[in-house]
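The structure appears right after this line, and notes come after that.
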Amino acid sequence: MPQRGDELLRNRRLKLERLLARGIDPFPPRFNRSHTTAQAVAALAAGPGGAEVEGSEVSVAGRMIRMRSMGKASFADIEDSEGNIQLFLRKNTLGDEYALLDDLDLGDFVGATGTMMRTRTGEVSVQVQTFTLLAKALRPPPEKFHGLRDVEQRYRQRYLDLISNREVHETMRSRSRIVSAIRAFFDSRGYLEVDTPVLVPVPAGAMAQPFITHHNALDRQLYLRIATELYLKRLIVGGMDKVYEIGRVFRNEGIDADHNPEFTLLESYEAYADYNDIMRLVETLVPEIASEVTGSTTVIYQGTELRLASPWPRLSLHEGVKQYAGIDLNDYPDAASLAGKMQELGVPATYAESRGRLIDKLVGTYVEPKLIQPTFLVDYPVEMSPLAKASPADSRYAERFEAFAAGMEIANSFTELNDPDIQRSRFTEQEELRKRYQGEDLDRMDEDFITALEHGMPPTGGLGVGIDRLVMLITGQSSIRDVLLFPQTRSTQPPPGTDQNQENEQVPEA
RNA sequence: GCCCCCAUAGCUCAGUUGGUUAGAGCGCCUGACUUUUAAUCAGGGCGUCACAGGUUCGAGUCCUGUUGGGGGCACCA
């Protein structure tokens, strides 16, 4: 039974058969490339003082993305990761080899050897002396002019997006440079980069739902980490005074424009620092990276100019909520009174929510959207911050800040709680809140971590930065999917090993 | 998890108040062409209108369900 697009595939297969019949390997193992496309273009300007000299020998390779045939002469544009270059192929130069063009298609990889030249119209070209097929494409590429627009296909088949939409390469290159710049930043300040476990017995260190898995030999349930925090602090206990990790963490929660179930988190910890030191670190780090990657400490995010240069203003959470929501949190010390006040002001709130969650709602609704230019929101209520040390000046608040830009949270930091007994009671409180407020994400008791703290942890400043969001901010992307090469999508193929026939028909019964 | 929107050729998109045989550009196939630039010229439409039902004399179009995607809410970073 004919499939959709069958004819296109069949044509390519026929060409493959013809090539094989002529003894041509459609997938040869190697090709000696002497120049990338960009280097080949540069080779044309290799004369004294950058003067243009034709005739340099080059061997270039790439995917054939356009083809213009005039009968006994043809122009093919090939593309590699750096750019593209035109091949000028003539029958009287290539002889019988010219016929190979009949069996090439857009999307094929080819290698060509020849000399650099400019055509009559001024186009930099390789005058080809010999060329070979390097890999046959059995499926057609997306349309050459409009590119691939279908977002579903762009994410599911990212390679087509990369072939078709050049700007995706640029975003991903920026992402890579951002991560490199972060490493350089911490490395140069004497931090040690470390790796901590992804598979953990207790999914603690943040308030989130975990992915659950099972280890057969140990016969016990394990979790994918939701944060790296508690392991990094164990290293601080062990005397590694400055550590950081850039790692994937996993949260079993919703997927939307700024949430992916797995995302990249930077965490750093520094002994003898506090959250004020970390604020200075963040307001130095972010503009430095932006400058490194874009050449400027100002970025345009969705039409808004963001000035990332330090210093960033500090706004206390208490003050922010008073200013933007019109509520003085200190007047409402418990969940019930706060919920009552919120309802009175017409803010959606119920008595089934914890005080921390109510405050989070107030901040998320009234304060965060106002924080367009980079701002530190400081001193979070203790009940929202089970891993942060309480302020000596006011024990209702913790020495914690979050950094916002474009209304988006980009960093979270505290002066770390290092008193094991208080940490235990904070964890216990979280476990109790979990029982009382079902459905809320809360942190979990980690006994091994308490034991570590009992061995003594120096005063420490810690930091967490969502790398994907930082990349969004710096590259101007409004969806996290556009800074991830392979964002999570609902898979259409059945899991391996499930008893479903190859024709893939599963019918969920009614 | 809830609400709204979307799905037509390999790709990008049209498709009228339900009305003949489903439309265009690119791509593809055949032919012409030895300096083209989204090459051009002549010819060719290549389709399970996401899937399954329903209404109707008649469905790409209307209704229901399903799948996938997008946006919003909720949750989180």
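Chain A is the first sequence line, chain B the second, and so forth, proteins listed ahead of strands; every chain is numbered from 1. Every heavy atom of this structure was used, including side-chain atoms; hydrogens, water molecules and symmetry mates were not.
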Next item on the list: Could you work out the separation of B:A9 and B:C49 based on their C1' atoms and round it to a whole Å?
Entry: 10 Å
Note to self: Any base atoms under 4.0 Å from A:Asp150, or only sugar-phosphate, or nothing? Heavy atoms, all strands.
What the structure shows: sugar-phosphate
Notebook entry, point to check: Expressed in whole Å, how much space separates the P atoms belonging to B:C62 and B:C6?
Noted result: 9 Å
Notebook entry, point to check: When the C1' atoms of B:C28 and B:U16 are considered, how many whole Å apart are they?
Noted result: 31 Å
Next item on the list: May I ask you to say what A:Arg149 touches in the nucleic acid, namely base, sugar-phosphate or nothing, with a heavy-atom cut-off under 4.0 Å?
Entry: sugar-phosphate
Check: Would you call A:Glu52-A:Arg118 a salt bridge at under 4.0 Å N-O?
Finding: yes
Next item on the list: Check the distance between B:C75's C1' and A:Asn260's CG and give it to me in whole angstrom.
Entry: 15 Å
Margin query: Nearest to the A:Arg469 side chain among B:C29, B:G27, B:A77, which nucleotide is it?
Written below: B:A77
Item checked: Opposite nucleotide pairing with B:G60, Watson-Crick or G-U, both atom distances under 3.5 Å -> none
Check: Within the stacking criterion (centroid distance below 5.5 Å, interplanar angle below 30°), does A:Phe263 stack on B:A77?
Finding: yes
Checklist line | Stepwise side-chain hydrogen bond (donor to acceptor under 3.5 Å, both in side chains) test for A:Gln477 and A:Arg469 | finding: CA-CA 9 Å; A:Gln477 300 295 330; A:Arg469 290 187 179 175; over 6 Å; no
Next item on the list: Please determine if a side-chain N or O atom of A:Arg66 lies less than 4.0 Å away from the OP1 or OP2 oxygen of B:C26.
Entry: no
Next item on the list: Output the single nucleotide from B:U35, B:U34, B:U36 whose closest atom is nearest the side chain of A:Lys72.
Entry: B:U34
Next item on the list: Remember a base hit wins even if backbone is also touched, and classify A:Gly71 as base, sugar-phosphate or nothing at under 4.0 Å, heavy atoms.
Entry: base
Next item on the list: Give one of base, sugar-phosphate or nothing for A:Asp468, where a contact means two heavy atoms less than 4.0 Å apart.
Entry: nothing
Check: Just checking A:Glu409: base, sugar-phosphate only, or nothing, at a heavy-atom cut-off of under 4.0 Å?
Finding: sugar-phosphate
Checklist line | salt_bridge(A:Arg154, A:Asp161) N-O dist < 4.0 Å | finding: yes
Next item on the list: Could you give the distance separating B:U48 and B:G23 at their P atoms, to the nearest angstrom?
Entry: 16 Å
Notebook entry, point to check: What distance, rounded to whole Å, do you find between the two C1' atoms, one in B:U20 and one in B:A59?
Noted result: 14 Å
Checklist line | Residue A:Thr119, side-chain atoms from C-beta onward, closest of B:U35, B:C75, B:U34 | finding: B:U35
Next item on the list: State whether A:Arg68 places a side-chain N or O below 4.0 Å from either non-bridging phosphate oxygen (OP1 or OP2) of B:U36.
Entry: no
Item checked: Residue A:Lys361 excluded, over 12 heavy atoms near NZ under 6.0 Å -> yes
Margin query: Measuring only the P atom in each nucleotide, how far is B:U12 from B:C5? A whole number of Å is fine.
Written below: 23 Å
Margin query: So for A:Gln86 and B:U36, does any side-chain atom that can act as donor or acceptor lie under 3.5 Å from a complementary atom in the base?
Written below: yes
Checklist line | Carboxylate-amine/guanidinium proximity below 4.0 Å for A:Glu229 and A:Lys233 | finding: yes
Notebook entry, point to check: Which part of the nucleic acid does A:Arg12 contact within heavy-atom distance under 4.0 Å: base, sugar-phosphate only, or nothing?
Noted result: nothing
Item checked: Lys/Arg cation over aromatic A:Phe376: A:Arg314, 6.0 Å, 45° cone -> no
Item checked: Closest-nucleotide ordering on RNA chain B, the 5'-leading residue of A:Leu104 and A:Lys91 -> A:Leu104
Check: With both distances under 3.5 angstrom, what nucleotide forms a Watson-Crick or G-U wobble pair with B:U55?
Finding: none
Item checked: A:Gln153 side chain near B:C11 phosphate (N/O to OP1/OP2, under 4.0 Å) -> yes
Next item on the list: Answer yes or no: side-chain N or O of A:Glu143 and base N or O of B:G25 forming a donor-acceptor pair under 3.5 Å.
Entry: yes
Next item on the list: With heavy atoms under 4.0 Å as the rule, sort A:Ser69 into base, sugar-phosphate or nothing.
Entry: base
Item checked: Ionic contact status for A:Arg225 with A:Glu245, cut-off 4.0 Å -> yes
Notebook entry, point to check: Given that both distances must come in under 3.5 Å, which nucleotide forms a Watson-Crick or G-U wobble pair with B:G23?
Noted result: B:C13
Checklist line | Span that lies between the P atom of B:A38 and that of B:U21, in whole angstrom | finding: 41 Å
Check: Would a line drawn from the ring center of A:Phe414 to the ring center of A:Tyr275 be shorter than 6.0 Å?
Finding: no
Note to self: Can you tell me whether the side chain of A:Asp256 and the base of B:A74 have a donor-acceptor pair closer than 3.5 Å?
What the structure shows: yes
Note to self: Using a heavy-atom cut-off of 4.0 Å across all strands, would you classify A:Asn412 as base, sugar-phosphate, or nothing?
What the structure shows: nothing
Item checked: Between B:C4 and B:G44 - P atom distance, rounded Å -> 47 Å
Notebook entry, point to check: Should A:Lys15 be listed as having a side-chain N or O under 4.0 Å from OP1 or OP2 of B:C29?
Noted result: yes
Check: So does A:Arg481 get a side-chain nitrogen or oxygen closer than 4.0 Å to the phosphate oxygens (OP1/OP2) of B:G71?
Finding: yes
Next item on the list: For the side chain of A:Leu8, starting at C-beta, report the closest nucleotide among B:A77, B:C28, B:U36.
Entry: B:C28
Next item on the list: Return no unless some side-chain N or O of A:Arg156 is found under 4.0 Å from OP1 or OP2 of B:G69.
Entry: yes
Next item on the list: Please check the phosphate of B:A39 (OP1 and OP2 only) for any side-chain N or O of A:Lys144 closer than 4.0 Å.
Entry: yes
Check: Looking across every strand, which nucleic acid part, if any, lies under 4.0 Å from A:Gly147 by heavy atom: base, sugar-phosphate, or nothing?
Finding: sugar-phosphate
Item checked: Assigned partner base of B:G47, Watson-Crick or wobble definition, under 3.5 Å -> none
Next item on the list: Scan A:Met408 against the nucleic acid and name what it touches under 4.0 Å (heavy atoms): base, sugar-phosphate only, or nothing.
Entry: nothing
Note to self: Heavy atoms from C-beta onward define the side chain here; which of B:U34, B:C75, B:G10 lies closest to that of A:Arg90?
What the structure shows: B:U34
Margin query: Heavy-atom nearest nucleotide on RNA chain B for A:Leu106 versus A:His146: which residue maps closer to 5'?
Written below: A:His146
